[in-house]
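First the structure, in the form of C-alpha cells, and then the observations on it.
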Amino acid sequence: MSIVETLPLDAETLREDFPILSTVIHGDRPLVYLDNAATTQRPRQVIEKLVEVYERQYANVHRGIHWLSDHSTDLFEEAREKVRSFINAGSAPEVIFTTGCTMAINLVARSWGDANVRAGDEIIITEMEHHSNSVPWHQLAERTGAVVRHIPITEEGLLDLDAFDELLNERTRIVAVGAVSNVLGTINPIGEIVRRAHDAGALVLVDAAQSVPHDKSDVQAWGADFVAFSGHKMLGPSGVGVLYGRLDLLEAMPPFLGGGSMIRRVTLEGFEPADPPAKFEAGTPPIVPAIGLGAGIDYLEAIGLEKIHQHEQLLAAQAHAAMEQIGGVRFLGPAPDKKAGIISFTLEGIHAHDVAQILDRHGVAIRAGHHCAMPLHKRLGVVASNRASFYFYNTLDEVEILAEALQDAKRIFRRR
Ligand code: PMP
C-alpha cells in the first residue's frame, strides 16, 4: 500500500556520496540501514576531510606557535563557528566541544548541578528520557539530596503538560527534556516547556541528540539554557559532541574537568580558570572529529534541514501504513504526523531480538532492545521493542523491503 508517491529529496543520488550504503551482505542482500537513531553513516565529503586534515593540516590546537598549529586551530575554530551558526547560538564561546551528548549532559549535571542544587531541590525529567538524560540527574540527586521527578506520558505517547504544570514549583531547579524521543519519535514542544519552566524560575537542558541532526534548530528561539547533542548522529565522526550553554551561565559555572587548556594561570597554590569555551575543554579536544562534524554540517546545510525533516516524516508515514497491513504490529508512540522519522514497534508473539535477526537476513539493520530507555519500556509494558529509524538517504524501496521482511518474520513464527 502506497500513501507516498514521491519524496522531497533524491535519495538515490545522495546515496552515491555514502560508500557504505552500497554494501551487499549475506551474499546478495543490499544493506538497508535503518538504525540511524543509533548512529548515521558518513558521506565521502566528511571522510575525505578527515583524511585531508590528517595528511596535511594536523597539529595540536591552541598550543604551538608554529604554522601547522595555527592552521589546525583555525580549522577547529571554524568548526565551532559552523556549529554556532547551525544551531543559531548567540556567540562562539557558547559552543563547547565535548566527546558526545552524554558527556555534555554530565558536564552540566556536575558543574552547574553541584554548584546550584541542594538537598530538597527538585529536578524534572520525563518518562521518555534516554538514560543519558536520566542517570546523570539521578547521580546529582544522590550527591546532593535533591529529588528527581518525572513528567508522565499520555497513552498517545506525548508529554502530559498539565502534569508538568503540577510538578513545577519553587523548588524546581532544572528541567531536562529530550527534544525528540529516541524511542517514541515524539517531537516535544520545547519552546512551550522552556516558557513554563522559566516562569517557575527553573533552567532547561534540552537533549537534542535526535533533533539537531534532522530538523532546523534555533537554540535562541527555544530559549533553552543548555542544549546537548552528538556528532556521530549527524554525519560526523564519533568522539565529538556539543554542549551549547548560555554565556552568563557558562561564565558563572565552575570547570568540570581540570587539566591543560582550561586555565588562565596555574600556581603552586591553585589555578584560575580560562573563559568559556576553553574553561570546559580540558586537555586536547577532539580536534579532527570536530572538523569532521563541521564538514557534516556543510553537507546537511547544502541539502536543507526542512527537506530532510519532510523526507524522513514521509518515509515514516509510508512505513507506518505498510506495517499496519501486516497485522500484529503494535506501534509505540504517536501517529506519524506528531513524530520524527523513528518507528518503534513490537510484533505480536515474536521477541524483538528474533525480529531483528530475521530482518538482518533480509539485509535490514534495525535496533532491538530497550534503546537505553528502560523506564519508558516499563511504562509501556514491554520488555523490548524494535526500532526502525530513517535518515535523508533512505528510500521508499527500502521501506518496502522492511515491510516484506516483517511479513517474513510473521510467516516464520506462524509455522513454529
Ligand atoms: N540522548 C538521546 C535521545 C539519544 O538518542 C542518545 C544516543 N542514542 C544519547 C542521548 C546519547 O548520545 P551519545 O551516546 O552519543 O553520547
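Start at 1 and go down the list; that is how both ligands and their atoms are numbered.
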Check: F18 and R44 side chains under 4.5 Å, non-hydrogen atoms: no
Do K279 and D275 sit within salt-bridge range, that is, some charged N less than 4.0 Å from a carboxylate O? no
Residues K338, E156: salt bridge by 4.0 Å N-O rule: yes
Within less than 4.0 angstrom of ligand 1, does [X] place any heavy atom?
| X | value |
| --- | --- |
| D207 | yes |
| M103 | no |
| H232 | yes |

Short list, please: which atoms of ligand 1 are under 4.0 Å from a heavy atom of C101? 10 (C), 12 (O), 16 (O)
Element-labelled atoms of ligand 1 that are located less than 4.0 Å from some non-hydrogen atom of S230: 12 (O), 13 (P), 15 (O), 16 (O)
Would you find a donor on one side and an acceptor on the other, under 3.5 Å apart, between the side chain of [X] and the backbone of [Y]?
| X | Y | result |
| --- | --- | --- |
| N386 | A352 | yes |
| R15 | Y393 | yes |
| T39 | H232 | yes |

How does K233 reach ligand 1, if at all, at less than 4.0 Å between non-hydrogen atoms: by side chain, backbone, both, or neither? side chain
Identify the heavy atoms of L347 and A409 that sit nearest to each other, and give their distance. CD2-CB, 4.2 Å
Any N or O of S132 that comes nearer than 3.5 Å to an N or O of ligand 1? no
What residue and atom, counting heavy atoms only, is the protein's closest point to atom 5 (O) of ligand 1, and at what distance? Q210 NE2, 2.7 Å
Shortest protein heavy-atom distance from atom 4 (C) of ligand 1, along with the residue and atom involved: H130 CD2, 3.3 Å
Please state which option from N106, N182, T102 has its nearest heavy atom closest to atom 14 (O) of ligand 1. T102
